[in-house]
Amino acid sequence: MMDKTFDPQAVEGRIAAAWEEAEAFRAGRPERAGAALFTIVIPPPNVTGSLHMGHALNTTLQDILCRFERMRGKDVLWQPGTDHAGIATQMVVERQLMERQEPRRTALGREKFVEKVWAWKAQSGGAIVEQLKRLGASCDWTRERFTLDEGLSRAVIKVFADLYQQGLIYKDKRLVNWDPALQTAISDLEVVQVETKGHLWHFKYPVVDERGEETGEFIVVATTRPETMLGDTAVAVHPGDPRYKHLHGKKVRLPLVGRLIPVIADEYSDPEKGTGAVKITPAHDFNDFEVGRRHGLRLINVLSAEAELTLRDNEEFLRGAGPSADLDILLGELDSLRRDVARKRVVELMEARGLLEKAEPYTHMVPHGDRSGAVIEPWLTDQWYVNAKVLAGPAMEAVRAGKTRFIPKNWEKTYFDWLENIQPWCISRQLWWGHRIPAWYGPPKSADGTVIKAGGGAELASLSDHWEIFVGESEEAAVKAAEAHYGRPVKVIEAGGLGEAVLAGEAVPLFRDPDVLDTWFSAALWPFSTLGWPDETPELKERYPTSVLVTGFDIIFFWVARMMMMGLHFLGDVPFRDVYIHALVRDEKGAKMSKSKGNVIDPLELIGIYGADALRFTLAAMAAQGRDIKLSAQRIEGYRNFGTKLWNAARFAEMNGCVLDPAFDPRQMKITLNRWIVGETAKTVAEITSAIEAYRFNEAAGAAYRFVWNIYCDWYLELAKPLLQGADGPAKEETRAATAFVREQLLKLLHPFMPFITEELWAITASPHRPRASLLALAEWPDLAGCENPAAEAEIGFIVELISEIRSVRAEMNVPPAAQIPLVLVNASAGVKAYVEAWDETIRRLARLSEIAFSGAAPPKSVQTVVRQTVAALPLHGFVDIEAERTRLVKEIAKLKGESSKIEAKLNNREFVARAPEEIVEENRERLAETLSKQEKLTAALERLQGA
RNA sequence: GGGCGGUUAGCUCAGCUGGUAGAGCAUCUCGUUUACACCGAGAGGGCCGGCGGUUCGAGUCCGUCACCGCCCACCA
């Protein structure tokens, strides 16, 4: 005997183990040889991660697709894995070291630290994978990959080396987004603009004449960053701005520093903004950098990696300023100040000198690192870049040509907009956890072929712009290339020991770039690196391009676009045919879930309370395209109840001996009721199938829900009770078989959405004599084409409507539920009579009637209603309240009148009759006739009531 | 500043190619009829944000305005 409810906690683990044991999710199962292929690569979650709602939604949708296609007979590969997540992981381990008061990263050294990270990964890195399994993800876990795996690393190194040889990866010295907290460069995408309240300070820069004497005139510049003024090398005005025309070519004295800097005319300066004159700090502002480049201005870098003032490095610049420089203050007091402290101090100094015109409150956008939250500094460094512009062309073209489809389509625009304006992609990170860049540096070779010898550290640094670069897929390859280049033996050393090695003069020293690659660089290769590339594996050959990518819109730029670029460049084809972009999961008020807001709903907690199936079904039911999901526990509870309903329907079938007969043929049934439910099932199969094919998950879930609850349970099982509980015979046998058959179909239909409960029911309801041929996960998707049955629909439809109508009237007339009353059908047609006689007992039970009679006229004092043209009269005698009935009829007639006059107006409109499709016109005529006839009958009933 | 979405029942949302406005929850009334109270029966509740337009016909298409949300760009 089954329990009354399904206990997810007790069952889920066991079911998951059964799947694993049977290797149900393994790609390339022998019996599927030659089957159509279906491939999805999972968006690899961070190893540091724990399951959040975004993962839960993402995983659920992919799993629905995979289970659906697997049941349709395809050979499915859902490729799982995790991402090493450079910055995030390094931060986690560093924090851990700090908490345990162990030596810091820098104290440990690179090798030891990386070892620690691997140890951490081995111990707690796999948590997310276990959590995905709890959700029921049917990945081929035997193929799990990690972006730092040996194989994937090989792919990364090869891609880097190839792109370098092709000139698509290059090293450049320019401004990058520098994160002073993490001490690394980050890409544009990792910078978030945050609205920040600050000030706009107006500084007066004195204008000087040819001899360097101040003329008494000032040019006023506005800035939000006073501390960077120490690195100003010009003031720009718009060429057409009349206010400043006379100053073109003149100079101003940079306050505090004292150096003379030019006033330049440049279109960049906007007369509308600030004072129309803008200070130019090429080393600390992206726009200024460009202006500086146009005008050949010097770059004065006044900030350190920690974003502290480094004025000593610029002594030469400061000393060249002449007598008015506040050298002592600059070098003594300001040097090494943090940027925010320096800002205040510079303002004070300017004010003290009468050069602060005004300071006004000002709200503006300030760039922050998305991981560290630190204010990002545009900073001049050497970094590696990918020429994304070249790779973006084919990526756009492929989508334009329809080789990859975005669903919903409107995301294509977002994709195009970004790619059209793409900037060089900074891929080097000053971290230790990640793929180390396969570039080796050697000392410069002079024109005459001699290797330039270098002295100590400072001298080395000054040479850094001139290193020879050797990129290779291995150290051996790089050494070989270097030896060929220098014509001398080469020795690989640590960067720090370079000076001595060179001085020793024996071998040419070579050292490897200490930086690692952006995590997204390896992620961009995921669709082919996980399939074995650069090896020509069978999987790669057969499964690339993959079928579909399922992901959130927040990583279209980070990931989707880059996979497109890399896939097209290295494989010559798109990485996936479809990209299904799903929504964000928000809290019930619509706010983005975040740890800091404390509104995060933990999927694991929900799974613990309601079970994985309930959570999955909820997410699917709410996953309408193009809209965020606001999740509430109440909703999940509702779908948990749905599971219970399904469970009890199966339980009922079990109690009534409904066992599946494999020989059962749904097309050979005799009983109308059974034909009807199989017909309804067929409709539902078609509906769910096409909805999943079109990624309309909510519609598929909705169709399944309605069918199970409102059709199978509410009507079929109720109507089947007399047959199931009646005397033995062919009708009972057929109904038992049909009940079991339909249950089988809905377990299959629901399996992609609720894999655990359906698999469990599949096992429980197996016939004791005939065990299941396979797990439900591997069973065949239903195909009931040709089982629709309009005749059965007409009959059962009438019965359902009749019962509903009587129930409604009874409730409205306040007839006590216990009261059994008679029903009289007036002038019923032969067809209706046949229906009713066939269902006499059931109608009486469900509508709580004492008897059903046929007559040529409605009995006096009866309440009347119309069901599909037939008047149904309930002689209520003792119960009827004439007033209440009159009110009910008047109301009902008014409603019908409104409806009929609307249709009449439509049909009287010649244009409508002439232009609307014939079927629509016909439909309206029928509706009018129906409405009028019903109206007539109720009006007659009302008149009789008044006569009585 | 550029772009994308949203505005439908008290709440949360469906409504795909224009053709009788739907669901879940909540509310109200009733029901211990052995599958299920995580249940059953019934009811109430909507000028589909405003204004124009196209059309025989608009929640659905076009324009426009308002408000809400998101993305991109922007340290004067």
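Please read these numbers as outputs of a predicted model, since none were measured by experiment. Below, read A as the first sequence line, B as the second, and so on, with proteins coming before strands; counting in each chain starts at 1.
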Which nucleotide in the list [options] gets nearest to the side chain of [X]?
X	options	result
A:Tyr362	B:A76, B:A35, B:C75	B:A76
A:Glu699	B:C75, B:G15, B:C70	B:G15
A:Met365	B:A76, B:G42, B:C74	B:C74
A:Arg848	B:C74, B:C25, B:U33	B:U33

Tell me whether the OP1 or OP2 atom of B:C75 has a side-chain N or O from A:Asn287 closer than 4.0 Å. yes
By salt bridge (charged side-chain N to carboxylate O under 4.0 Å, His left out), A:Lys273 pairs with (sequence neighbours left out) none
Could you work out, with salt bridge (charged side-chain N to carboxylate O under 4.0 Å, His left out) as the rule, every residue matching A:Arg339, not counting sequence neighbours? A:Glu377
Does A:Arg706 pair with A:Glu687 as a salt bridge, N-O distance under 4.0 Å?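 Looking at A:Glu687 together with A:Arg706, the answer is yes, because their closest N to O distance falls below 4.0 Å.
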Look at A:Glu899 together with A:Lys902 and state whether they make a salt bridge at an N to O cut-off of under 4.0 Å. no
Can you name the ring pair (Phe, Tyr, Trp, His ring centres under 6.0 Å) partners of A:Phe707, sequence neighbours left out?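 Testing A:Phe707 for ring pair (Phe, Tyr, Trp, His ring centres under 6.0 Å), a comparison that skips the adjacent residues, returns none.
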Residues in ring pair (Phe, Tyr, Trp, His ring centres under 6.0 Å) contact with A:Phe652, at least two apart in sequence or another chain: none
List, with names and distances, any nitrogen or oxygen atoms from the protein found under 3.5 Å away from nitrogen or oxygen atoms belonging to nucleotides 53-57 of chain B.
from: B:C56; atom 1: OP1; to: A:Arg915; atom 2: NE; distance (Å): 2.9
from: B:C56; atom 1: OP1; to: A:Arg915; atom 2: NH1; distance (Å): 2.2
from: B:C56; atom 1: O2'; to: A:Asn909; atom 2: ND2; distance (Å): 3.0

Are A:Phe406 and A:Phe416 close enough that their ring centres sit under 6.0 Å apart? no
Which whole number of Å gives the distance between the [atom1] atom of [N] and that of [M]?
N	M	atom1	value
B:U20	B:C36	C1'	35 Å
B:C25	B:G19	C1'	31 Å
B:C48	B:A9	P	10 Å
B:U12	B:A26	C1'	11 Å
B:C74	B:G6	P	28 Å
B:A43	B:C62	C1'	41 Å
B:G49	B:G15	P	15 Å

Side-chain contact, heavy-atom cut-off 4.5 Å: A:Val347 with A:Trp201?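 Answer yes - side chains close enough.
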Per the under-4.0 Å heavy-atom filter, residues of residues 922-935 of chain A near RNA chain B come out as A:Arg927
Protein N or O to nucleotides 36-39 of chain B N or O, pairs below 3.5 Å:
from: B:C36; atom 1: O4'; to: A:Asn648; atom 2: OD1; distance (Å): 2.9
from: B:C36; atom 1: O2; to: A:Lys645; atom 2: NZ; distance (Å): 2.9
from: B:C36; atom 1: N3; to: A:Lys645; atom 2: NZ; distance (Å): 2.9
from: B:C38; atom 1: O4'; to: A:Asn641; atom 2: OD1; distance (Å): 3.0
from: B:C38; atom 1: O2; to: A:Arg640; atom 2: NE; distance (Å): 2.7
from: B:C38; atom 1: O2; to: A:Asn641; atom 2: OD1; distance (Å): 3.2
from: B:C38; atom 1: O2; to: A:Thr644; atom 2: OG1; distance (Å): 2.5
from: B:C39; atom 1: OP1; to: A:Asn641; atom 2: ND2; distance (Å): 3.3
from: B:C39; atom 1: O3'; to: A:Lys645; atom 2: NZ; distance (Å): 3.2

Using a 4.0 Å heavy-atom cut-off, does A:Tyr268 contact any base of the nucleic acid, only the sugar-phosphate backbone, or nothing at all?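 Answer is base: heavy atoms of A:Tyr268 come under 4.0 Å of a base.
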Looking at A:His368 and A:Val366, would you say the former's side chain and the latter's main chain have a donor-acceptor pair under 3.5 Å?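 Yes; at least one donor-acceptor contact below 3.5 Å.
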Kindly check if the number of other-residue, nucleotide or ligand heavy atoms within 6.0 Å of CD (A:Glu693) is above 12? yes
Dump the pairs, protein N or O against N or O of nucleotides 43-48 of chain B, anything under 3.5 Å, distances to one decimal.
from: B:A43; atom 1: OP1; to: A:Ser808; atom 2: OG; distance (Å): 3.3

Do A:Tyr705 and A:Phe642 pass the ring-ring contact (aromatic ring centres under 6.0 Å, His included) test, and can you show the C-alpha distance, the side-chain angles, and the key distance before you say yes or no? CA-CA 8 Å; A:Tyr705 184 96; A:Phe642 173 62; 4.7 Å; yes
Given RNA chain B, 5'-ward residue of the pair A:Arg696 and A:Asp417, judged by closest heavy atom: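 Comparing both residues, the 5'-ward one is A:Asp417.
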Represent RNA chain B in dot-bracket notation, 5' to 3'. Only Watson-Crick or G-U wobble pairs with both distances under 3.5 Å count; pseudoknot-style crossings use [ ] and interstrand partners use |. (((((((..((((.....[..)))).(((((.......))))).....(((((..]....))))))))))))....
Applying the side-chain hydrogen bond (donor to acceptor under 3.5 Å, both in side chains) test to A:Thr228, which of A:Arg343, A:Lys279, A:His284 qualifies? A:Lys279
Which pairs, with at least one residue in residues 610-620 of chain A and sequence neighbours excluded, count as a salt bridge (Lys or Arg N to Asp or Glu O under 4.0 Å)?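 As it turns out, the salt bridge (Lys or Arg N to Asp or Glu O under 4.0 Å) pairs with a partner in residues 610-620 of chain A, which skip direct neighbours, are A:Asp63-A:Arg616.
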Rounded to whole angstroms, how far apart are CD1 on A:Ile581 and P on B:C4?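 Value for this atom pair: 17 Å.
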Show me, pair by pair, the donor-acceptor contacts under 3.5 angstrom made by side chains of residues 716-725 of chain A, not counting sequence neighbours?
from: A:Tyr716; atom 1: OH; to: A:Asn674; atom 2: OD1; distance (Å): 2.7
from: A:Tyr716; atom 1: OH; to: A:Thr739; atom 2: OG1; distance (Å): 3.3
from: A:Glu718; atom 1: OE1; to: A:Lys721; atom 2: NZ; distance (Å): 3.4
from: A:Glu718; atom 1: OE2; to: A:Lys721; atom 2: NZ; distance (Å): 3.0

Can you list the residues that meet the side-chain hydrogen bond (donor to acceptor under 3.5 Å, both in side chains) rule with A:Arg915, with sequence neighbours excluded? A:Glu911
